[in-house]
Amino acid sequence: AELEQAAKATEQAATVAPDTKTRDKLLADATALRQRLRNGDFLPGDRIYIVVLGDSALTDTFTVRGDRRLQLPNIPDVTLSGVLDSELNTFLTTELSRYLKNPTVTATGMVRLTLTGGIARNGFLTFPVDQAITDVLMTAGGIGPGSKLDEAEVKRAGKTFIDKKAFQEAIRLARTVGDLALRDGDEVYVPAATATSGIQGWVKVLGVLGPLFLLIRLVTNNTGRNRNLP
């Protein structure tokens, strides 16, 4: 319901956009929302961690197949076409109830992200889709001193997928991995502190201390001269 409302609002905003560029961007956003509603959030290759209380065979990490189906042991395949991240747990509980009596099911989509730049632990890490993007950074050890969190962004296939402005908004609103529609292989990049920034910092310090040293020297010299006067 929230996605449907967001799609309608975006389409309405496009009709009163002040310029062509803004209108095209809003229409593209609305199309993406409609596509997500139609196809769901799960793509081939996505992994889902499922826990079925009392059933060890169904408690495991499973991979979504190319036809958006989930192949589970001892029961027919389950199609995830049109299923959103937020619906996964309820959906699988309903599906498994067709074959099991009152199953207790917990299901979480998992996403493998690449973390680069000024993040403490660079490399590949896997996160549940309901984890906030701020927790993603903290799980990776946080950001290093001088790193530019305000310029952080998400890249997909080498191109900016979420720009720095949208990333800051995601932090402010505590958006999750699922909210941001992140996928396996997406890169969370935080610009690191550069070597020149440290040098520039020392230059600024010297710029302040230089005149101070000169003033101290003048005062010291004048004091010495005054003492030598008869």
Side-chain angles (χ1 to χ4, degrees), residues 1-46 48 64 66-68 79-92 94 107-119 127-140 143 147-192:
E2 291 177 358
L3 283 179
E4 180 67 35
Q5 185 178 2
K8 289 181 179 179
T10 305
E11 289 165 347
Q12 291 173 356
T15 62
V16 294
D19 53 67
T20 301
K21 183 178 180 180
T22 302
R23 183 177 68 251
D24 291 346
K25 174 65 168 59
L26 289 169
L27 289 175
D29 290 345
T31 299
L33 288 170
R34 294 290 183 192
Q35 186 175 7
R36 185 182 175 193
L37 283 166
R38 182 171 61 255
N39 297 332
D41 283 330
F42 296 97
L43 299 174
D46 285 352
I48 299 174
V64 181
D67 53 1
R68 296 180 189 266
T79 179
L80 296 177
S81 182
V83 179
L84 300 173
D85 289 326
S86 58
E87 301 171 328
L88 179 62
N89 204 69
T90 301
F91 174 78
L92 285 180
T94 301
T108 306
M110 307 296 292
V111 177
R112 193 179 190 217
L113 302 175
T114 306
L115 298 114
T116 61
I119 301 173
F127 302 94
V129 295
D130 58 356
Q131 188 160 6
I133 193 64
T134 49
D135 291 337
V136 167
L137 297 176
M138 294 305 296
T139 300
I143 62 172
S147 297
K148 304 173 183 177
L149 182 60
D150 59 338
E151 295 184 16
E153 61 182 7
V154 177
K155 299 179 181 180
R156 178 172 293 176
K159 298 181 179 179
T160 299
F161 174 64
I162 298 175
D163 62 23
K164 59 184 181 181
K165 182 178 179 180
F167 195 89
Q168 292 304 305
E169 185 72 359
I171 290 177
R172 186 180 70 83
L173 298 176
R175 297 294 191 190
T176 66
V177 170
D179 292 335
L180 299 176
L182 300 187
R183 293 299 171 202
D184 279 356
D186 284 351
E187 176 188 356
V188 179
Y189 170 68
V190 179

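One is the number of the first residue; the rest follow in order along the sequence. None of these values were measured; they are calculated from a predicted model.
Arg112 and Asp184 get closest at one heavy-atom pair: N-OD1, 2.7 Å. Across all their heavy atoms, Asp163 and Ala166 have their closest contact at OD1-N, 2.8 Å. Contact between Asp150 and Lys164 at its shortest, heavy atoms only, is O-CB, 3.8 Å. Residues Val190 and Ser147 come closest through the heavy atom pair CG1-CB, 4.2 Å. Here the closest heavy-atom approach between residue Gln131 and residue Val136 is recorded as NE2-N, 4.2 Å. Listed here is the closest heavy atom pair of Asp130 and Thr176: O-CG2, 3.6 Å.
Checking side-chain atoms of Thr90 against main-chain N and O of Glu87 turns up no donor-acceptor pair under 3.5 Å. Side-chain atoms of Arg175 never come within 3.5 Å of backbone atoms of Glu169 as a donor-acceptor pair (strictly under, hydrogens ignored). Side-chain atoms of Asn89 come within 3.5 Å of backbone atoms of Ala107 as a donor-acceptor pair (strictly under, hydrogens ignored). Proximity of a side-chain donor or acceptor of Asp29 to a complementary backbone N or O of Leu26 within less than 3.5 Å is not detected.
Between the OG1 atom in Thr139 and the CD1 atom in Ile119 there is a gap of 11.0 Å [rounded to 0.5 Å]. Atom CZ in Phe161 sits 6.5 Å away from atom CG in Leu182 (nearest 0.5 Å). Annotation: the span from Leu149 atom CG to Phe167 atom CZ amounts to 6.5 Å, rounded to 0.5 Å. For the atom pair CD (Glu151) and CD (Gln168), the distance works out to 9.5 Å, reported to the nearest 0.5 Å. Atom CG of Asp179 and atom CG of Asp85 lie 8.5 Å apart (nearest 0.5 Å). For the atom pair Arg172 CZ and Ile133 CD1, the distance stands at 16.0 Å (nearest 0.5 Å).
Contact check for Val154 versus Leu180: no side-chain heavy atoms found under the 4.5 Å cut-off. You'll find the side chain of Ile48 reaches within 4.5 Å of the side chain of Leu80, heavy atoms only.
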Point to revise | Test side-chain contact (heavy atoms from CB on, under 4.5 Å) applied to Leu115 and Phe127, step by step | key: CA-CA 12 Å; Leu115 298 114; Phe127 302 94; 4.0 Å; yes
Check your understanding: Please walk me through it: do Leu84 and Leu3 pass side-chain contact (heavy atoms from CB on, under 4.5 Å)?
Key -> CA-CA 10 Å; Leu84 300 173; Leu3 283 179; 3.6 Å; yes
Practice item. May I have the step-by-step check of side-chain contact (heavy atoms from CB on, under 4.5 Å) for Leu92 and Val83, ending in yes or no? Key: CA-CA 10 Å; Leu92 285 180; Val83 179; over 6 Å; no
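At a cut-off of 3.5 Å, with distance as the only test, no side-chain donor of Ser86 or Glu2 sits close to an acceptor on the other residue.
For Lys8 and Glu11, the salt-bridge test fails: no basic side-chain N is under 4.0 Å from an acidic carboxylate O.
Judged as a side chain to side chain contact (heavy atoms under 4.5 Å, CB included), and not counting sequence neighbours, the contacts of Glu187 are Thr114, Thr116, Lys155, Tyr189. Residues satisfying the salt bridge (Lys or Arg N to Asp or Glu O under 4.0 Å) test with Asp19, not counting sequence neighbours, are none. In this structure, Ala192 has no side chain to side chain contact (heavy atoms under 4.5 Å, CB included) partners at least two apart in sequence or on a different chain.
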